[in-house]
Amino acid sequence: MDFLNDLNPQQRKVVTTTEGPVLVLAGAGSGKTRSIIYRTAYLLNTARVNPNNILIVTFTNKAAQELKKRLHRSFHIATYSLWVGTFHSICMRILREEYEHLPFTKDFSIFDDLDQKATFKMIYKKLEIDSKNFPLRKITTIISNQKNSLVSPQDFFKFNEENFFTKTTYKIYLEYQKFLLKNNALDFDDLLMYTAIMFHDNNSIRKKYADRFKYVMIDEYQDTNYAQFKLINLIAMDHQNLCVVGDDDQAIYSWRGANISNILNFEKDYKNVYTVKMEQNYRSPKSILSAANCLIKNNSERYAKELWTDIRSAERPKLLKLDDEHQEAKFAAEMIAQLHSRGTSLNNCLILYRTNAQSRVFENAFYQAKLTYQIVGGVNFYQRKEIKDIVAYLRFLINPNDEVSFSRIINFPPRKIGKVTLKKIENYTHKNQLTLFDALQHDIPSLNKKTSQRVKDFGKLLFKWQRSAYKVEITSLIKEIIDDLELISLYDSSNDPKDIARSENLKEFVTASKEFTDNFEQETDTPMITSFLQSISLQTDMDNLDEEIESVKLMTMHNAKGLEFDHVFIAGLEDGLLPHSRSFDNEHQLEEERRLLYVAITRARKTVHLTYTRMRPVFGSKSLSIPSRFLMEIDDDLIDTENNRYYDLMAPRPQKKKKNRSVVTENQKFFRIGQIVSHSKFGNGVILNVDGKGKAAKLSVSFSGGQLKKIIGTYVTRGNE
DNA sequence: AGATGCCGGATTTTT
DNA sequence: TCCGGCATCT
């Protein structure tokens, strides 16, 4: 119990209040992660809870690993039987365990957004839909939102929707889900949706997990969506031992379906909630925190709170104006070079920007300055063409119905099998009720002799690998495939500059597979290759950071959540970038952009540099930049603009608006997604979307009578949940 | 089947 | 500016 002395009174309360619902409103740098770790240790060592009975949900795989590492190091806790992971990885494990009750096998493929895109293209072709009228991006977003609200296509088809666009969208949705199942595949959202719906529909399975996970902790609760809320609710509703930790000021994922009202309504969703506010910041000096506080006060959708700190005497955030984006990058590189020459590790330096596209100039500048850097995000390692290709081979061997992978590999490397042949193979497969894999072993009548031979040769090759797949180690299999296809020499002999790095990446992939094999903890009777494929689908770039290399880190502000660095450089503080132009006309989105900057600033332990440019290329042509409106919201005396040759104020400071800075009122959180409401004419219905706040919010409601309506909140009443 | 070239459109953030 | 999609040619 001695370890409780390491904690402040609030943290101690969080740690020792093990029974019943606990809400922890934890500001940036207030020791949130620490509290979760200590709470887990307390549950295990003091309260003698069996590790099997604990579920911890983190926001990234990396955070999960870190947590395990620290539990092990500081408390000598064996983390083997502890369930720690992201929502997605935890759902993946559950679905694999319960596949008998589900419409797919445990070998299911996980489709990333590239696979998803390929799928939609096939569907568009089949349904003869013009992507001009139904832009892919828009449609995938809508469908993703439906899944995150647990609305299945069948639910929608019950409604007699008149609107052509909506009707077509649901047709696509339905077809998409059918296609995925036919391919034994799930997308990211499906992982959550199938699990939540399974718990909802099958009480004995729900009970099994509710009994298993007697103690549940969720980190970053402000960024959970409805499916995640429901999922956790179904697990915790019986025992109520649920501890959620989050900060409404750091909610930055609403575009992904995250619903801030999950955290704001926690005290209503659960009974007798014990609430702890942690407002002492242990990370940043007062000079930095004051600026952050001043900024975030401009948001109206928040719990009123103010972070404070004992850490004093440091510099205020510096604001600098550079001529263009090259100068901006060069400036950061020079500053970091200077710090580095005085003994600062590059590991303590962070570059943050709003969009991935901004990273390129920084790469350049750091390369010039001979400073080692690592980029997080952008094109994920596993999304690169050469890696997707080899993964597609592996996937197809395991999952012989995976059309997306099949169409990827059938003619790569080129073996003179084109799309006509592909279509014929698919038809033959369909007609004879075969898997694609088996069809390749046949003589397909509609093919001419030459083509048929090529197809059969390919089939033989796949057959050979499939036998290896169940016999040899993953790494050997991968090597075998790469050798047989002569991929390395293919890329090395290429004239295309893009191919230069490809053979290197392939080698790295081999190494990664080896690492996986070495660290693999056999959890079920699932073949290792299945686990490998599924786990790499959920890997992010953050997980692939090489910790051994001392380097400056470059990433988007979204990726920076939960991290801390001594020196933080925040670039591109310009209207259009931050706040992003796409958020200009929407107050909610503007507030989210503001939170993004708040998150960025509060990463810093020692210094913050805010930069913007005089001029920046937009759509290819240079145009004058406008300094971010957020800069004007921070009081003059909190920002250092003096003794600074770069600074000159170019835009007139807009008048600050008077803002409602009070606590979120009942009115503001009146409706939320999933709530049941009733209407005098349409009867009962469930809310699918809320636009605006308060009683007068615009609601999208699906009524039990079948209508899907947009309605002003004042015309409905809330029913029981 | 594959290479070439033109046009139009899009540009946020990620598991 | 760059990328992807489409048409056309070989």
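In what follows, every chain begins at residue 1, and chains take the letters A, B, ... in the order their sequences are listed.
The CG-P distance, from Asp112(A) to dT14(B), rounds to 14 Å in whole Å. Summarising the geometry, the separation between CG on Asn61(A) and C1' on dT14(B) is reported as 12 Å, rounded to the nearest angstrom. Computed from coordinates, the Phe120(A) CZ to dG5(C) C1' distance equals 19 Å when rounded to whole Å. Rounded to whole Å, atom P of dT13(B) lies 18 Å from atom CZ of Arg595(A). Counting to the nearest Å, the P atom of dT13(B) and the CD atom of Gln358(A) are 9 Å from each other. Nucleotide dG5(C) holds its C1' atom 15 Å from the OH atom of Tyr124(A), rounded to whole Å. The interatomic distance linking Asn148(A) (CG) with dT14(B) (C1') rounds to 12 Å, in whole Å. In this structure, Lys117(A) atom NZ and dC3(C) atom C1' are separated by 10 Å, rounded to whole Å.
You cannot call His558(A) stacked on the base of dT13(B); the centres under 5.5 Å and planes under 30° rule is not satisfied. Both geometric conditions, a ring-centre gap below 5.5 Å and a plane tilt below 30°, are not fulfilled together for Tyr253(A) over the base of dT14(B).
For the OP1/OP2 pair of dT14(B) and a distance below 4.0 Å, the side-chain nitrogens and oxygens of Asn356(A) include at least one atom meeting the criterion. Applying the 4.0 Å criterion to OP1 and OP2 of dT12(B), one finds that Ser581(A) has every side-chain N and O outside that range. Dashed line: the shortest gap from a side-chain N or O of Asn559(A) to OP1 or OP2 of dT13(B) is not under 4.0 Å.
Judged by distance alone, with hydrogens and angles left aside, His88(A) brings a side-chain donor or acceptor within reach of the base of dT15(B), the pair sitting under 3.5 Å. Arg354(A) contributes a side-chain N or O that forms a donor-acceptor pair with the base of dT13(B) under 3.5 Å.
Less than 6.0 angstrom separates the ring centroid of Phe104(A) from the ring centroid of Tyr194(A). Two rings, from His558(A) and Trp255(A), have their centers less than 6.0 Å apart. Remark: aromatic rings of Phe59(A) and Tyr253(A) are close, center separation under 6.0 Å.
Nucleic acid contact for Asn411(A): sugar-phosphate only, since backbone atoms but no base atoms lie under 4.0 Å from a heavy atom of the residue. Counting non-hydrogen atoms under 4.0 angstrom, Ile252(A) reaches nothing in the nucleic acid.
Between Thr613(A) and the options Glu328(A), His326(A), Glu574(A), Gln327(A), a side chain to side chain donor-acceptor pair (under 3.5 Å) holds for only Glu574(A).
Rounded to the nearest 0.5 angstrom, Leu487(A) CG and Ile390(A) CD1 are separated by 6.0 Å.
Straight-line distance between the P atoms of dC6(C) and dT11(B): roughly 16 Å, to the nearest whole Å. A distance of about 23 Å separates the C1' atoms of dT12(B) and dG5(C), rounded to the whole Å.
What you find for Tyr176(A) and Asp187(A) is that their closest heavy atoms are OH-OD2, 2.8 Å.
Closest to the side chain of Thr556(A), from the set dG5(C), dA1(B), dT13(B), is dT13(B).
In terms of position on DNA chain B, the residue among Arg137(A) and Thr60(A) whose nearest nucleotide sits closer to the 5' end is Arg137(A). Nearest-nucleotide positions on DNA chain B place Arg454(A) closer to the 5' end than the other of Trp255(A) and Arg454(A).
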